[in-house]
Amino acid sequence: MLSVKTKPVQLAQNTSEQPDAVQQDEGHYGLERIAVVGTRNTPRSVTDSSVPLDIVSEKGFAAQESGDVLTMLSVVVPSLNVNDQPINDATSLVRPANLRGMASDHTLLLINGKRRHRSAAITFLGGGLSDGAQGPDISVLPGAAMKQVEVLRDGAAAQYGSDAIAGVINFVLKDEAQAGYFKVKAGEYYEGDGQSIQFQANKGFRFNDEGFINLTAEYRQQQATSRSVQRTDAQQLFEKGNRFVHDPAQTWGALDVEYDVKTAINAKHSLSDNVEAYMFGNAAKRKIKGGFYFRHPQTRDGVFSDTTLTQTPTLLIADLDGLNKGIECPQIMLSEANVLEQADYKLIADNSTAVGRNCFAFNEWFPGGFTPEFGGTIKDASTFFGFSGEIDHWLWDASAGVGYSGIDYTLNKTVNPSLGPESPTAFRPGGVSQIERTINLDISKSIETAVAEAVNVAFGFEWRAESYHQRAGDEASWQAGPFAYNPASGFSQGFSVGSNGFPGYQPVSSGHWTRHNWAMYSDSEIFITDTWELGIAARIENFSDFGSTFDGKISSRLELNDYLALRGSASTGFKAPTVGQSNVINVTTAYSANGLEDQATLPPTDAISIQLGATPLTPEESVNTSVGLVAMYNEQLYLTLDYFNIRLNDRISTTSAITLTQADIDALVAQGYPDADRYQSAKFFTNDFDTETQGIDLVVHYAFDFNAITNQMIFAYNWTDTQVARVNQYPRERENGQIVYEPNLTEARIRMLEDNLPAHRANLTLLQTLQEWEVTWRANYYSSFYEDHLDASAGMDIYAGSIVTMDVEVGWQINKHLHAAVGAKNVFDTRPDVNPYKGAVGALYPPTAPNGIGGGFYYLQLTYQTE
């Protein structure tokens with residue numbers, strides 16, 4: 001039998017070096033794998049750790065159709081949820097990941113134990129939970145480069161700093177110095193779309209006996225999918241005789257990945273017996289495109305219709321020689337009838353006549369309406385250089401690193417209406433980027449004392465600087481053309497300004513904002529006896545833009561006997577507001593209770609935000625507690641059971657959309673937004689509410705043999721419940737002048753925060769091996785969930801039921817070099833409940849369904865391994 005003890009005599013090992021026994025992947029989920037994250041003492045196994053910990057090896061990623069690390073992790077770690085984001089601006093390009101029911105920027109990412117930069121994408125439309133979050137982009141990391149992934153499911157701000165409220169994910173790069181492999185994987189959905197192909201290559205090289213370099217490269221393409229039906233309004237157009245309407249007019253599904261390239265490097269070299277140099281990094285670039293909402297050719301205000309002059313909508317017609325000059329354009333009243341059949345429209349559409357040449361409507365270009373095509377090119381890179389060693393039994397590590405994330409947006413198949421017939425149909429509406437620089441010094445030593453069995457003392461210093469850039473788009477994407485407002489005549493013809501769907505960033509909103517911070521920490525772990533461990537951590541951090549924070553953590557683990565151990569922790573945490581959240585200005589088109597509208601997202605320091613009740617952002621503050629049980633019969637059978645509670649105060653998010661008054665609009669126009677009279681609402685970043693999140697994580701591992709078949713089984717279960725405990729109240733002036741206090745968050749938004757993610761998630765994985773054959777079975781369970789369809793707060797409430805899916809993969813080791821596998825994700829093609837409001841915008845299923853909306857996917861994989 002194997003005890004769960006951690007021997008104090010092991011504490012003097014260098015944490016940067018691991019015994020050969022734990023370097024090997026034995027092909028199962030055994031306890032030989034260890035993790036560095038969560039401790040600055042000797043690395044731990046999942047049962048030795050005093051806090052909840054998942055360690056996922058390459059084998060843990062088996063039987064998955066995706067090579068995307070984010071998707072792969074969400075399958076094997078039930079407390080990590082990832083939703084598809086078909087039509088959500090930048091959120092579609094960089095999907096948010098939610099650990100333990102928290103927002104995407106409540107989880108800290110590390111690579112080889114070093115802090116990773118956040119993404120440049122701010123989730124202006126984040127499905128409720130991640131609205132306004134600026135989290136890291138996990139998808140830019142190549143899965144082929146990962147030796148293992150360590151998921152610390154516990155608050156760790158006192159150890160690692162800002163963002164580590166829900167936990168920490170550490171990606172450990174491969175350190176293989178010789179072997180490698182080349183892999184190709186191809187597949188498609190059962191419906192015959194979404195075809196994908198992926199190539200992976202990894203190879204290690206040894207430098208004499210003094211070091212190694214490990215290189216990884218990946219390339220992927222994936223076609224778009226459609227899980228759509230025809231919109232009701234588009235179908236009505238067709239029934240009225242408009243044969244130019246596409247079917248479907250709007251597509252819901254996976255985005256088209258034109259290319260996705262990822263690379264990684266990990267290298268180390270011994271300079272002497274006590275000093276070694278290391279470097280690692282990655283670079284990635286991908287180009288993605290998707291869709292936006294359909295622009296109805298008779299109702300989309302500012303493009304096709306005008307409601308500013310008459311109660312009945314009229315067709316927007318550009319008078320090219322100017323209002324009240326020359327040839328007069330007819331007024332065409334819009335109704336449910338097909339405007340293309342009206343005599344006056346046929347007159348202006350006939351360019352052989354003087355009226356036709358002078359009068360222009362966008363129906364001439366888009367008689368069936370149009371759906372803008374949104375996309376972008378994402379670039380991401382990071383690198384760390386460092387030295388580590390030992391001086392008189394003191395271990396030290398000094399490093400410096402830089403990380404970059406950038407997005408250049410593209411917008412096609414749309415117009416800047418204010419430019420009339422001179423408008424292009426393709427735009428570059430600008431871009432954003434995030435740059436972070438880090439310097440670290442870490443020192444630790446294990447000391448034997450008369451007071452305790454052993455004491456590990458660690459302390460260190462960190463300096464970081466981060467900057468956020470917002471670049472203006474091409475002039476046509478934000479320019480106010482003559483058909484919005486003509487200074488010569490003083491008249492506006494009513495056309496909206498900017499590339500429709502995503503107006504380009506204006507020069508007035510472009511900028512470069514920076515801040516820096518420094519931190520000092522101490523982290524001690526004491527073995528009071530050989531069965532009782534106590535950990536204490538403290539961290540002070542100072543930010544140049546809002547001051548200092550102090551956080552602490554205490555953790556403990558007590559072995560009751562050779563089979564059982566108790567563990568627990570209590571900590572305070574914080575998440576600093578990002579530079580982007582404090583300064584960004586953005587305008588997007590989103591759904592509301594009144595339909596499609598333009599919404600402005602403003603920084604809290606903007607005059608309009610202040611007028612609406614905004615105050616400067618302050619850090620979020622949390623109190624995390626957890627208590628757990630570790631039960632281990634032997635290496636083949638063990639379980640961990642942990643309860644957690646996270647109280648998070650002053651959460652940073654965007655408000656729900658607030659209707660703008662005429663005074664607000666006039667102030668926006670004065671700030672340089674000439675089209676502000678068409679903004680129906682605004683949002684701003686604020687510390688808006690408090691939440692309490694609690695849950696349970698259960699992991700059971702059982703390995704056994706049945707005749708000649710080796711079986712390994714993992715059962716993982718998570719229950720998470722979030723409640724909004726407090727919501728800020730803001731002053732609002734009624735029409736009669738009375739001041740009332742109301743929350744910005746709508747009831748639907750609160751319900752999305754609490755119930756959009758399934759409360760219960762579980763998966764059962766069984767890996768069976770017989771000689772050269774392997775079969776992996778995985779059953780996945782998602783409980784019911786709530787969706788405020790389109791985040792519109794328009795009464796389109798979806799209460800979707802639970803769902804169970806099955807994944808299967810069969811692998812064959814053809815010879816010592818060649819391995820083949822065939823598999824299917826969601827082998828029974830199980831779908832979410834059909835969307836009861838599918839006719840609204842054509843989404844066949846609820847877009848935020850936790851298991852996705854694609855259905856079954858099958859794939860074939862070939863791997864060639866080198867020695």
Side-chain angles (χ1 to χ4, degrees), residues 65 71 81-89 91-92 95 125 127-128 188-196 222-239 245-257 289-296 368-374 590-591 595-596 748 752 756-758 780 782-792 794-805 824-858:
E65 102 293 352
T71 302
N81 288 273
V82 181
N83 288 335
D84 290 333
Q85 302 285 341
I87 302 177
N88 257 355
D89 280 10
T91 314
S92 301
R95 295 182 302 157
L125 302 173
E188 70 175 14
Y189 284 92
Y190 287 9
E191 290 200 12
D193 57 6
Q195 292 84 1
S196 71
Q222 182 164 352
Q223 297 180 7
T225 65
S226 175
R227 302 295 177 264
S228 314
V229 296
Q230 184 62 303
R231 294 171 49 127
T232 300
D233 55 357
Q235 181 61 34
Q236 291 172 345
L237 271 176
F238 183 83
E239 292 172 356
V245 182
H246 293 289
D247 187 6
Q250 180 178 329
T251 300
W252 292 86
L255 277 64
D256 181 86
V257 181
K289 62 181 179 180
F292 267 172
Y293 291 104
F294 170 64
R295 269 58 180 169
H296 192 289
F370 64 93
T371 304
E373 185 179 89
F374 176 73
Y591 252 86
L596 208 58
M752 285 287 284
N756 181 234
L757 298 181
N780 309 284
Y782 307 86
S783 67
S784 58
F785 68 98
Y786 164 81
E787 177 181 301
D788 171 27
H789 191 44
L790 310 178
D791 291 332
M796 293 187 286
D797 299 313
I798 300 175
Y799 298 91
S802 60
I803 190 168
V804 176
T805 66
K825 174 191 176 183
N826 193 359
V827 65
F828 298 117
D829 196 24
T830 309
R831 306 293 181 93
D833 293 343
V834 172
N835 177 10
Y837 308 101
K838 60 185 179 182
V841 292
L844 180 57
Y845 305 109
T848 64
N851 62 306
I853 61 176
F857 183 95
Y858 59 88

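All of these numbers come straight from a predicted model, not from anything done at the bench. Index from 1, following the sequence.
- For Y799, the OH atom counts as densely surrounded, since its 6.0 Å shell holds more than 12 non-hydrogen atoms of other residues, nucleotides or ligands.
- Between atom NZ of residue K289 and atom CD of residue E373 there is a gap of 4.5 Å, rounded to the nearest 0.5 Å.
- Going from atom OG1 of T371 over to atom CZ of F292 covers 11.5 Å, rounded to the nearest 0.5 Å.
- Between the CG atom in N826 and the CD1 atom in I803 there is a gap of 6.5 Å [rounded to 0.5 Å].
- Residues A840 and M796 come closest through the heavy atom pair CB-SD, 4.0 Å.
- F785 and A849 make their closest contact through CZ-CA, 3.6 Å (heavy atoms, listed as atom of the first residue, atom of the second, distance).
- When the side-chain hydrogen bond (donor to acceptor under 3.5 Å, both in side chains) test is applied to Q250, the partners found at least two apart in sequence or on another chain are R231.
- Looking at heavy atoms from C-beta onward, Q223 lies out of side-chain contact with E188 at the 4.5 angstrom threshold.
- The two residues G852 and P832 have their closest heavy-atom pair at O-CG, 3.5 Å.
- When every heavy atom of H789 is checked against every heavy atom of A843, the shortest pair comes out as CE1-CB, 4.0 Å.
- Contact record, P846 with I798: CG-CG2, 3.9 Å, taken as the closest heavy-atom pair.
- The aromatic rings of Y858 and Y190 lie tilted to each other, with the angle between the two planes from 30° to 60°.
- With rounding to the nearest 0.5 angstrom, the CZ atom of R295 is 6.0 Å from the CZ atom of F370.
- At distances below 3.5 Å, at least one donor-acceptor pair connects side-chain atoms of D833 with backbone N or O atoms of G801.
- Here the straight-line distance linking atom CD of Q195 with atom OG1 of T225 works out to 10.0 Å at 0.5 Å rounding.
- A donor-acceptor distance shorter than 3.5 angstrom exists from the side chain of S228 to the backbone of W252, with no hydrogens or angles considered.
- Each of V229, I853, N835 was scored for a side chain to side chain contact (heavy atoms under 4.5 Å, CB included) with L844, with one residue passing: V229.
- Between D193 and A224 the shortest heavy-atom distance is CB-O, 4.0 Å.
- Annotation: the span from E787 atom CD to Y837 atom OH amounts to 10.5 Å, rounded to 0.5 Å.
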### Task
Would you check, one step at a time, whether the test side-chain contact (heavy atoms from CB on, under 4.5 Å) holds for D829 with R831?
CA-CA 6 Å; D829 196 24; R831 306 293 181 93; 2.9 Å; yes

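- If you check the side chains of N756 and T848, you find a donor sitting under 3.5 Å from an acceptor.
- V841 places a side-chain heavy atom less than 4.5 Å from the side chain of L790.
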